[in-house]
Amino acid sequence: EVQFVESGGGLVQAGGSLRLSCAASGFTFDDYTIGWTIGWFRQAPGKEREGVSCISIRDGSTYYADSAKGRFTISRDNAKNTVYLEMNSLEPEDTAVYYCAADLSGRIGSWYLFDFKYDYWGQGTQVTVSS
């Protein structure tokens, strides 16, 4: 069974940093017979879920939403079957529940910042940025 578990959220002051982790189980990143795309999404209270970034597990290519460019970095560690989201220069507007999700295409791009493209989801981790 494919599963994802997010961790690393917490309370941080504006300008601070956090690194979120998305640990995958039920498959291995090194299985290149299947292309996986892992995306990070977030949902703030009263707002729709929005895509933040995505990465192709096969070749490590990445894509970012405008809100994340220059501040967030997505990466993968195949040995740990984990995808990370390094978040710097955090702002109160970044406060949300952050989710990782997986798609079986292995592709990235603006289309892969839409949540309907993804089949598997983690439970989320709360990020709160205080001003």
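None of these values were measured; they are calculated from a predicted model.
- The list of disulfide bond (SG atoms under 2.5 Å apart) pairs with a residue in residues 70-131, not counting sequence neighbours, reads C22-C100.
- In this structure, L20 and E6 have side chains that are not in contact, with every pair of non-hydrogen atoms separated by 4.5 Å or more.
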Return all side-chain donor-acceptor pairs below 3.5 angstrom for residues 113-121, not counting sequence neighbours, or 'none' if the list is empty.
from : atom 1 : to   : atom 2 : distance (Å)
D115 : OD2    : R49  : NE     : 3.3
D115 : OD2    : R49  : NH2    : 3.4
Y118 : OH     : Y112 : O      : 2.6

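- Atom CG of residue L11 and atom OG1 of residue T128 lie 6.0 Å apart, to the nearest 0.5 angstrom.
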Legend entry - Stepwise side-chain contact (heavy atoms from CB on, under 4.5 Å) test for Q13 and L90: CA-CA 8 Å; Q13 289 187 332; L90 284 163; over 6 Å; no

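- Annotation: side chain of M87 is in contact with side chain of V127 (closest heavy-atom distance under 4.5 Å).
- With hydrophobic clusters built from ILVMFWY side chains whose heavy atoms lie under 4.5 angstrom apart, F29 does not share a cluster with I108.
- Closest of all the heavy-atom pairs between Y99 and G122 is CD2-O, 3.7 Å.
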Legend entry - Candidate pair D94 and R71, rule side-chain contact (heavy atoms from CB on, under 4.5 Å), full reasoning: CA-CA 11 Å; D94 296 315; R71 299 189 302 130; 2.7 Å; yes

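- Counted by atom type alone, S61 and D59 present one or more donor-acceptor pairs between their side chains at under 3.5 Å.
- The two atoms that bring S131 and A14 nearest to each other are CA-CB, 4.4 Å, heavy atoms only.
- The salt bridge (charged side-chain N to carboxylate O under 4.0 Å, His left out) test with R42 singles out one residue from E93, E50, E48, and that residue is E50.
- For the residue pair C54 and T37, the shortest heavy atom distance occurs at CB-CG2, 4.1 Å.
- Annotation: side chain of T125 is not in contact with side chain of S7 (no heavy-atom distance under 4.5 Å).
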Inset, instruction - Might you work through the side chain to side chain donor-acceptor pair (under 3.5 Å) test for S105 and D103, ending with a clear yes or no? - result: CA-CA 6 Å; S105 70; D103 165 70; 2.3 Å; yes

Legend entry - W36 vs V83, side-chain contact (heavy atoms from CB on, under 4.5 Å): CA-CA, chis, key distance, verdict: CA-CA 12 Å; W36 290 90; V83 170; over 6 Å; no

